[in-house]
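Input: a single structure, listed below in structure tokens.
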Amino acid sequence: MTRTIEFLFDVGSPTTYLAHKRLAGVAQRSGARVDYVPVLLGGIFKATGNASPAMVPAKGIHMFTDMGRYADRHGIMLRNNPHFPINTLTMMRMLAGMKGKPGFAKLVDTLFNAMWETPRNMGDPAELAAVLTAAGLDADAMLAAASDPDAKAALVAATESAVARGAFGAPTFFVDGAMYFGQDRLDWVEEAAAA
């Protein structure tokens, strides 16, 4: 039986970016399928009373140091985005609207890379459109997807479902109903998916 790793993500999270970069290897080694589930991290924080670790100065400094260590260990390019934090609502609506459609995986990669490899101000609509176009994606179609009422509803539903299932941040993973939080739990996710 092929297991599914549900990956609840928001492209605005650098730790979620690190998880994204490692997930293909996890899936290959475990034989699992990865289901990318766009959620709005700000909505999860609001619903659960949580906040970004970067909001606590000492914790934020440690978190960025730790992320650099993880990136180095796994050979992942990670750069600080000087525009962080960035409002990801448009990008996450876009992803919710594109889920299950051709181009979804490329869109995920493009947005994560523009946030954390070649840091761009992805909260600026003109910058977002330029990044999409440079990646060979139809910026007008993607932005239209973000405005679609079904995409908006899908993002709200996925975010509410995440909170109802116990999620309080990102990345969050589910394997056979068990929840794992944080990119540093990927070893556990892989073990569960391979079991």
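- No chain of hydrophobic side-chain contacts below 4.5 Å, direct or via other Ile, Leu, Val, Met, Phe, Trp or Tyr residues, connects Trp188 to Phe174.
- Checking side-chain atoms of Lys99 against main-chain N and O of Tyr36 turns up a donor-acceptor pair under 3.5 Å.
- The ring-ring contact (aromatic ring centres under 6.0 Å, His included) test applied to Phe168 returns Phe181, not counting sequence neighbours.
- A chain of hydrophobic side-chain contacts below 4.5 Å, direct or via other Ile, Leu, Val, Met, Phe, Trp or Tyr residues, connects Val34 to Met92.
- Sorted by first and then second residue, the salt bridge (charged side-chain N to carboxylate O under 4.0 Å, His left out) pairs with a member in residues 6-30 read Glu6-Arg165, Lys21-Glu117, Arg22-Asp187, Arg29-Glu190; sequence neighbours excluded.
- Val26 and Ile76 fall within a single hydrophobic cluster, where Ile, Leu, Val, Met, Phe, Trp and Tyr are joined by side-chain heavy atoms under 4.5 Å apart, directly or via other members.
- A salt bridge links Arg69 with Asp66: at least one charged nitrogen is closer than 4.0 Å to a carboxylate oxygen.
- Taking hydrophobic clusters as Ile, Leu, Val, Met, Phe, Trp and Tyr residues chained together by side-chain heavy-atom distances below 4.5 Å, Phe9 does not share a cluster with Ile44.
- Of the possible donor and acceptor atoms, one in the side chain of Trp116 sits under 3.5 Å from a partner among the backbone N and O of Val11.
- When the options Leu8, Val37, Leu41 are evaluated for a side-chain contact (heavy atoms from CB on, under 4.5 Å) with Thr172, the one that passes is Leu8.
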Tell me which donor-acceptor pairs under 3.5 Å the side chains of residues 135-144 have, and how far apart each pair is, sequence neighbours excluded?
unit_1: Asp138; atom_1: OD1; unit_2: Asp140; atom_2: N; d: 3.2
unit_1: Asp138; atom_1: OD1; unit_2: Ala141; atom_2: N; d: 3.1

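- Thr90 OG1 to Leu155 CG: the interatomic distance, rounded to the nearest 0.5 Å, is 10.5 Å.
- No single ILVMFWY cluster, assembled from side-chain heavy atoms under 4.5 Å apart, contains both Val39 and Phe7.
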